[in-house]
Amino acid sequence: MPNRVSCGALRAADEGAEVELCGWVNRRRDHGGLIFVDLRDTDGITQIVFDPQHPSFAQAEHLRNEDVLRAVGSVRRRPSGTENPRLATGEIEVAIGTLEILNRSQVPPFQVNSEEPVDENLRLEYRYLDLRRPRMQRNIRTRHQIVKAMRDFFDSRGFLEIETPMMIKSTPEGARDYLVPSRLYPRHFYALPQSPQLLKQILMISGFGKYMQIARCMRDEDQRADRLVEFVQLDVELSFCTQDDVLEVMESCMRYVWLTVLGVEVPPFPRLTHQEAIAKYGVDKPDLRFGLELADVSQSFAGTEFAVFRSAIESGGAIVALRYPGGAALSRREFDALTETAKQFGGKGMVWIALGSDGTKSSAARFLSETQIAAVRDALAAETGDALLLFADAAAVAYAVAGKMRNEVGDRCNLRDPNVYAFAWVTGFPYLEIDEATGEPAPAHHPFTAPAPGDWELIDRDPTAMRAQHYDMVLNGYELGSGSIRIHKAQEQRKIFEMLKLTPEQVEERFGFFVRALEYGAPPHGGMALGIDRIVMIACGEANLREVTAFPKNSVARDVMMDAPSPVPEQLVKDLHLRLAPEVRSPG
RNA sequence: GGCGCUGUAGCUCAGUUGGUUAGAGCGCCGCCCUGUCACGGCGGAGGUCGAGGGUUCGAGCCCCUUCAGCGUCGCCA
């Protein structure tokens, strides 16, 4: 009985063994009198050799890529000089004994055995072929290992994984809900969870003090390379904890994951406040793989004649400066393109100063004095050969644009090595932010977050000064997730709702079940949720979540393999007590 | 919803100033080939140039409209 082995297993030491291999034809090389077939499975590739006198030779002549085989044969060393060092199994080959063609394949619409880029929607339509490719096999495997490591870690710390329902109540805060119409209750809907937030808090009230879940979440919002409508969170909550308790357990988890899956020892995470993050990096999710800290150089331009700067300063704004290492080599045209990028990021424009070895050039040369340029250069510790980029605007805008440009410069200068992992904590977020659409204060995160100790007293006096016991975990410029210490007293939760201008009736209708739960001895608690898709994406060195998701929706939220969403029979719609609106435009 | 980029063979792409029969590599089909591993050689098939309209003697190329895809901004408590 031959031993069944994977296509990546055999080595020189296996010489002489009788083995059975199952897999797909990766490629056939037909020399007329000798045929090689590379057999592929999830583990690797093994070369099968068909000698012309062998009965299977005729079969081998008709093999095509992606045919499925069972090959039984004997392992032999390749003749000296024909070993393939690029293959893990390259020292050996399997001389065919018996060949069984388990299934034939159509000619695939793209080459499975090539890493050549293919239109993503074609890949998604034939996802089963795309997933056969080694890169996807590796990514999906890494994903499994990461999720397993997370479960192992929390299990070892005494956490229980508890499943929460997929059909819950719609709560109007936050992103748009995916709705499920009810057949039994006309005109009523379930919602798919945007996160199990309230359920996990209720689990704390239920006495399950250490909860975790690999939780599926859905948000009906436009997608991005780093955002899917359907995603997975590592959801964690614990009772009787402080903020530091949560940070400790989440940080330990991530360091465990990186060590066990990637073999990388991650140093303790630096912590910075939201205020520091904005001041130094212009964003609340800074990429700490590189420095290039921003500088507010408004002071250096007091009394300037330059209208752009003067109006920014006079209206209480700021001039924020960024160093571009080696940027002095850019042409005027390239600076113009960079200015366009800044505009795309929401800026009004950009002033550049090139510190060339042959002198200083600038888009605002006429208005800038030697002293002013020297002040900016000193503030950024810039050197000859660098460029200085300046953004004048309302302070929040100037920092935001400068922060995005900092990442752009980081890209251009190759400072964002995907094999470097710069984790960080960001804490001390403001409780409220001003909603730009309404001008009203709205919770910066969610309304179940507890204010910072001592900040309750601000709620009537100056609510926008309140800070939250909220924290973000950041990695390489991505927000991995956020968490908070929660409000655990009903009257405090009501106070927050009141500040958010919800009437008692609205509170009862939307959150009545939850506030009631808080009234029955809710323990102090807090937690966090991390985006597993993003974690896996970064761990795999990918730039798009779809590369680490087996069956993702495309960028416009379609499943192009199954062709969903799709129309349904009229009766199904009727059963749900729904009537479809007339078509606005004929589809397709 | 705004902006940018892209749409040419099954795949990845080229296509000049608007000018004869739209090309390449890979893949596919056939024949040849006993040590290849992106095997090699010879031959062949394969095109609604995303769609519609316009300008022109003539459009893959210019103009308008539209559809689709990717990215980005808005949005994502």
Side-chain angles (χ1 to χ4, degrees), chain A residues 26-40 45-54 57 61 64-66 78-87 89-90 93 106-126 129 171-177 194-195 197-198 217-229 231 337 340-341 343-347 400-401 404 408 431-433 435-437 441-449 468 470 479 482 484 496-497 500 502 510 531 543-544 546 554-556 558 560 585-588:
Chain A
N26 193 60
R27 184 171 265 118
R28 180 179 62 114
R29 289 177 296 281
D30 185 344
H31 288 241
L34 187 68
I35 296 172
F36 301 101
V37 170
D38 288 342
L39 199 64
R40 181 195 68 235
I45 286 177
T46 298
Q47 173 167 287
I48 315 286
V49 189
F50 295 80
D51 291 305
Q53 62 277 16
H54 195 279
F57 188 82
E61 283 185 304
R64 294 292 179 267
N65 289 348
E66 304 310 317
R78 295 188 183 195
S80 174
T82 66
E83 301 90 348
N84 185 351
R86 293 166 55 200
L87 223 52
T89 60
E93 62 193 8
Q106 298 270 27
V107 175
F110 55 86
Q111 283 159 254
V112 176
N113 59 18
S114 158
E115 291 290 313
E116 187 173 45
V118 177
D119 174 75
E120 197 186 16
N121 278 284
L122 190 70
R123 292 174 57 201
L124 292 174
E125 185 180 348
Y126 296 91
L129 297 177
T171 54
E173 260 77 22
R176 194 177 296 112
D177 276 331
Q194 295 184 24
S195 82
Q197 180 61 36
L198 293 178
C217 309
M218 295 85 180
R219 295 179 185 174
D220 186 5
E221 296 290 334
D222 287 359
Q223 304 207 93
R224 288 282 181 283
D226 65 350
R227 209 166 74 199
L228 299 173
V229 290
F231 59 103
E340 279 310 306
T341 305
K343 285 181 181 167
Q344 230 200 322
F345 290 152
V401 175
K404 287 173 182 166
E408 175 73 22
Y431 199 92
L432 297 172
E433 63 188 14
D435 186 318
E436 283 179 32
H445 295 282
H446 62 59
F448 316 108
T449 299
H470 175 104
E479 179 194 319
S482 60
S484 62
I496 292 291
F497 285 141
L500 299 173
L502 288 179
R510 298 176 192 177
N544 193 306
R546 295 188 291 267
N554 71 2
S555 74
V556 283
R558 290 199 62 80
V560 292
R585 190 181 59 211
S586 64

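Note that this is a predicted model, so its numbers are computed, not measured. Reminder, nothing fancy here: chain letters follow the sequence lines and each chain counts from 1.
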Walk me through whether F231(A) and R219(A) qualify under side-chain contact (heavy atoms from CB on, under 4.5 Å).
CA-CA 8 Å; F231(A) 59 103; R219(A) 295 179 185 174; 3.6 Å; yes
Taking the same atom, C1', in G30(B) and in A68(B), what whole-Å distance lies between them?
38 Å
Distance test, side-chain N/O of R123(A) to OP1/OP2 of C11(B), below 4.0 Å
no
Can you see if the side chain of R29(A) gets near the phosphate of U36(B) - specifically, an N or O under 4.0 Å from OP1 or OP2?
no
Using a cut-off of 6.0 Å, state whether more than 12 heavy atoms not belonging to Q106(A) lie near its atom CD.
no
Rounded to whole angstrom, note down the C1' distance from U20(B) over to G60(B).
16 Å
Is there a side-chain contact between D51(A) and L34(A) in this structure, where contact means two heavy atoms from C-beta onward sitting under 4.5 Å apart?
yes
Roughly, in whole Å, what's the span from CZ in R40(A) to C1' in C37(B)?
15 Å
Regarding the side chain of P79(A), the nearest nucleotide among G35(B), U12(B), G10(B) is G35(B)
For the pair made of CD in E61(A) and C1' in C29(B), what is the distance, rounded to whole Å?
15 Å
Report the residue (D119(A) or F36(A)) whose heavy-atom-nearest nucleotide on RNA chain B is the more 5′ of the two.
D119(A)
For Watson-Crick and G-U wobble pairs within 3.5 Å on both distances, what is RNA chain B written in dot-bracket notation, | included for inter-strand pairing?
(((((((..((((.....[...)))).(((((.......))))).....(((((..]....))))))))))))....
Closest to side chain of K404(A), choosing from C73(B), U36(B), A38(B):
C73(B)
For the pair made of CD1 in I45(A) and P in C39(B), what is the distance, rounded to whole Å?
10 Å
What do you reckon, are the aromatic ring centroids of H470(A) and Y431(A) less than 6.0 Å apart?
no
Mind checking the P distance from G41(B) to U36(B)? Whole angstroms is fine.
15 Å
Whole-angstrom distance between A22(B) and A59(B), as gauged at atom P
14 Å
Can you list the steps and then say if E93(A) with T82(A) is a side-chain contact (heavy atoms from CB on, under 4.5 Å)?
CA-CA 10 Å; E93(A) 62 193 8; T82(A) 66; 5.7 Å; no
Rounded to whole Å, how long is the line connecting atom CG of L34(A) with atom C1' of U34(B)?
5 Å
Using atom P in both nucleotides, what's the gap between G23(B) and C49(B) to the nearest angstrom?
14 Å
Please list each protein N or O that sits under 3.5 Å from an N or O in nucleotides 22-27 of chain B, with the distance.
| unit_1 | atom_1 | unit_2 | atom_2 | d |
| --- | --- | --- | --- | --- |
| C26(B) | O2' | Q111(A) | OE1 | 3.1 |
| C26(B) | O2' | Q111(A) | NE2 | 2.7 |
| G27(B) | O4' | Q111(A) | OE1 | 3.3 |

Would you indicate what N84(A) reaches in the nucleic acid, counting non-hydrogen atoms under 4.0 angstrom: base, sugar-phosphate, or nothing?
base
Distance check, P atoms only: U6(B) and G44(B), in whole angstrom units.
35 Å
Is the backbone N or O of I45(A) less than 3.5 Å from a side-chain atom of T89(A), with the two atoms forming a donor-acceptor pair by type?
yes
List the residues meeting side chain to side chain donor-acceptor pair (under 3.5 Å) with S482(A), not counting sequence neighbours, and say none if there are none.
none
If you apply the rule side-chain contact (heavy atoms from CB on, under 4.5 Å), what do you find for L87(A) with Q47(A), and how did you get there?
CA-CA 10 Å; L87(A) 223 52; Q47(A) 173 167 287; 5.5 Å; no
Base-contact (B) and sugar-phosphate-only (S) positions in nucleotides 1-9 of chain B, heavy-atom cut-off under 4.0 Å, - elsewhere
B--------
Check whether the side chains of R27(A) and Q111(A) place a donor and an acceptor atom closer than 3.5 Å, and report yes or no.
no
Tell me which nucleotide among G30(B), G69(B), C75(B) gets nearest to the side chain of E221(A).
C75(B)
Taking only the side-chain heavy atoms of N544(A) (C-beta and beyond), determine which of C37(B), G69(B), G71(B) contains the nearest atom.
G71(B)
Shortest non-hydrogen contact between P109(A) and L129(A), atoms and distance:
CD-CD1, 3.5 Å
Start with the C-alpha gap between D38(A) and R29(A), add the side-chain angles, then the distance that decides, and say whether salt bridge (Lys or Arg N to Asp or Glu O under 4.0 Å) holds.
CA-CA 8 Å; D38(A) 288 342; R29(A) 289 177 296 281; 2.9 Å; yes
On the side chain of R28(A), is there an atom forming a donor-acceptor pair with the base of C37(B) - under 3.5 Å, no angle test?
no
Rounded to the nearest angstrom, tell me the gap between atom CG in L87(A) and atom P in C37(B).
13 Å
Tell me whether H31(A) and C39(B) count as stacked here, given that the ring centres must be under 5.5 Å apart and the planes must differ by less than 30 degrees.
yes
Sequence neighbours excluded - side chain to side chain donor-acceptor pair (under 3.5 Å) pairs with any residue from residues 117-126 of chain A
E120(A)-R546(A), N121(A)-N554(A), R123(A)-D130(A), R123(A)-E547(A)
Among C76(B), C29(B), U34(B), the nucleotide that comes nearest once only the side chain of P52(A) is considered:
U34(B)
Pick base, sugar-phosphate or nothing for Q223(A), based on heavy-atom distances below 4.0 Å to the nucleic acid.
nothing
Provide, to the nearest angstrom, the distance between the CD atom belonging to E66(A) and the P atom belonging to C28(B).
11 Å
For A45(B) versus G25(B), give the span between their P atoms, rounded off to a whole number of Å.
15 Å
From CZ of R86(A) over to C1' of U36(B), roughly how many Å is that when rounded to an integer?
13 Å
Mapping V556(A) and L122(A) onto RNA chain B by nearest heavy atom, which one lands closer to the 5' end?
L122(A)
For N554(A), report the nucleic acid contact type (base, sugar-phosphate, nothing); a contact means any heavy atom under 4.0 Å.
sugar-phosphate
Which listed nucleotide (C76(B), C33(B), C73(B)) is nearest to the side chain of R227(A)?
C76(B)
Across all chains, not counting sequence neighbours, the side chain to side chain donor-acceptor pair (under 3.5 Å) partners of D30(A) are R28(A)
Identify whether any heavy atom of E340(A) sits under 4.0 Å from a base atom; if not, whether one sits that close to sugar-phosphate; answer base, sugar-phosphate or nothing.
nothing
Stacking between C11(B) and F110(A), yes or no? Criterion: centroid separation under 5.5 angstrom, plane angle under 30 degrees.
no
Using modelled atom types only, decide if a donor and an acceptor are shared between the side chain of E66(A) and the backbone of V107(A) within a distance under 3.5 Å.
no
Would a distance-only check, ignoring hydrogens and angles, find a side-chain to backbone donor-acceptor pair under 3.5 Å from Q223(A) to V229(A)?
yes
What interatomic distance, in whole Å, is found between P of C28(B) and the corresponding atom of C75(B)?
49 Å
Within this structure, what is the CG-to-P distance between N113(A) and C37(B), rounded to whole angstrom?
14 Å
N/O donor-acceptor pair, side chain R78(A) with base U36(B), under 3.5 angstrom
yes
